[in-house]
Protein chains: 2
Amino acid sequence: MNSIEEKCKNKGVRLTDQRKVIAMVMSDSKDHPDVDELHKRVSEVDKKISIATVYRTVKLFEEAGILEKHDFKGGKARYEQSPDEHHDHLIDINSGDIIEFVDKDIEKLQNEVAKKLGYKLVDHKEELYGSKIKK
Amino acid sequence: MNSIEEKCKNKGVRLTDQRKVIAMVMSDSKDHPDVDELHKRVSEVDKKISIATVYRTVKLFEEAGILEKHDFKGGKARYEQSPDEHHDHLIDINSGDIIEFVDKDIEKLQNEVAKKLGYKLVDHKEELYGSKIKK
DNA sequence: ATAATTGCAAATGCTTTGCTTGTGA
DNA sequence: TCACAAGCAAAGCATTTGCAATTAT
């Protein structure tokens, strides 16, 4: 059983065949697929799963804290499994590749900025867009 | 003449009546209106200006570097006049208020992170979402 | 004069939803 | 059993676009 299925069990999310397939595909994905791409991968396992179900499941999983949704540039939402440790993303503007990174110092500064403005930070979005330095 | 009109002149962007109105409204706006809201404000000056024109103009101005587009949570793009000095945003998750802030330290760290990953930073998006601390 | 711009409505692309049938616990 | 989920197609929403009429330079 994959880790997403396990999380579903823990959270009392009913496990249907379709959800199991989607859970498995997302568990196996090391990238950040959009719904179309996810549906494509899911269809290779069971071509009867509709895209509506993928949309519904992905939203369900997100609300359960199992998946994380990202609205990178491009207009299509992309998903990844909720990581144990928070990370941000650098997007290669040429290839579309996404690199994950962690920077505690930035996180700390963001908290300080929010506090200084009289706010408690509840969420944040940080995306870097860059082009590869050739050497 | 407002500052956006001036920028249009400098960049050789043809100035129509509609664009002048949109330029004026955006110059007067101190917030981050979405296209609907902008169209509403523009309509108070000239109710014959269509929303299609607002969409086209806002995109044109953005491509000319005159306006900045933001995709905050909520699904609708929001615009502000391109500032002289770059700033980021903190969004009040309860009221929707947007607070602008500048943090050179964070900017510097972002550049370093990108460089460390082998990238040249060309753009970045940083949004903090928070709730007001009551005292 | 004429290439660019507008308004309108239709089209688009992503995402959601109503409804009927199917199914997990 | 039966509340919930899936599949399908239709609807929704923000945004874009084709086209004929209008306008800035």
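Numbered from 1 within each chain, the chains take letters A, B, ... in sequence-line order. As the structure is a prediction and not an experimental result, all values here were calculated from the model.
Shown here are the side-chain contact (heavy atoms from CB on, under 4.5 Å) partners of B:Glu85, two or more places apart in sequence or in another chain: B:Val102, B:Lys104. The side-chain hydrogen bond (donor to acceptor under 3.5 Å, both in side chains) check on B:Ser50 picks up B:Thr53, with sequence neighbours excluded. In this structure, B:Asn10 has no side-chain contact (heavy atoms from CB on, under 4.5 Å) partners at least two apart in sequence or on a different chain. Qualifying salt bridge (charged side-chain N to carboxylate O under 4.0 Å, His left out) partners for A:Asp28, counting only residues two or more places apart in sequence or in other chains: none.
No side-chain donor-acceptor contact under 3.5 Å links A:Thr57 to the backbone of A:Arg19.
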All N/O donor-acceptor pairs, side-chain side in residues 31-42 of chain A, below 3.5 Å, sequence neighbours left out:
residue	atom	partner	partner atom	Å
A:Asp31	OD1	A:Arg41	NH1	3.1
A:Asp31	OD2	A:Arg41	NH2	2.7
A:His32	NE2	A:Glu80	OE1	3.4
A:His32	NE2	A:His89	NE2	3.3
A:His32	NE2	A:Glu100	OE2	3.1
A:Asp34	OD1	A:Asp36	N	3.1
A:Asp34	OD1	A:Glu37	N	2.8
A:Glu37	OE2	A:Arg41	NE	2.8
A:Glu37	OE2	A:Arg41	NH2	3.3
A:His39	NE2	A:Ile49	O	2.9
A:Arg41	NH1	A:Ser29	OG	2.9

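Under the salt bridge (Lys or Arg N to Asp or Glu O under 4.0 Å) criterion, no residue pair touches residues 53-72 of chain A, with sequence neighbours excluded. Residue pairs that meet the ring-ring contact (aromatic ring centres under 6.0 Å, His included) test with at least one member in residues 99-135 of chain B, sequence neighbours left out, are B:His86-B:His124. Sorted by first and then second residue, the salt bridge (Lys or Arg N to Asp or Glu O under 4.0 Å) pairs with a member in residues 109-129 of chain A read A:Asp123-B:Lys73, A:Lys125-B:Glu127, A:Glu127-B:Lys125; sequence neighbours excluded.
Note that the first and last nucleotides of DNA chain C, 5' to 3', having any atom under 4.0 angstrom from a heavy atom of chain A are C:dC14 to C:dA25.
For DNA chain C, runs of at least 3 consecutive pairs of the Watson-Crick or G-U wobble type, with both hydrogen-bonding distances under 3.5 angstrom, map to C:1-25 with D:1-25.
When the P atom of D:dA14 is taken as reference, atom CG of B:Leu38 falls 15 Å away, rounded to whole Å.
Contacts of residues 58-82 of chain A with DNA chain C (heavy atom under 4.0 Å): A:Lys59, A:Gly75, A:Lys76, A:Ala77.
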Output one line per pair: protein atom, nucleotide atom from nucleotides 6-9 of chain D, and distance, for all N/O pairs under 3.5 Å.
residue	atom	partner	partner atom	Å
D:dA6	OP1	A:Thr16	OG1	2.8
D:dA6	O3'	A:Gln18	NE2	2.7
D:dG7	OP1	A:Gln18	NE2	3.3
D:dG7	OP1	A:Lys48	O	3.0
D:dG7	OP2	A:Ser50	N	3.1
D:dG7	OP2	A:Ser50	OG	3.4
D:dG7	OP2	A:Thr53	OG1	2.6
D:dG7	N7	A:Arg56	NH2	2.8
D:dG7	O6	A:Arg56	NH2	3.2
D:dC8	N4	A:Arg56	NH2	3.3

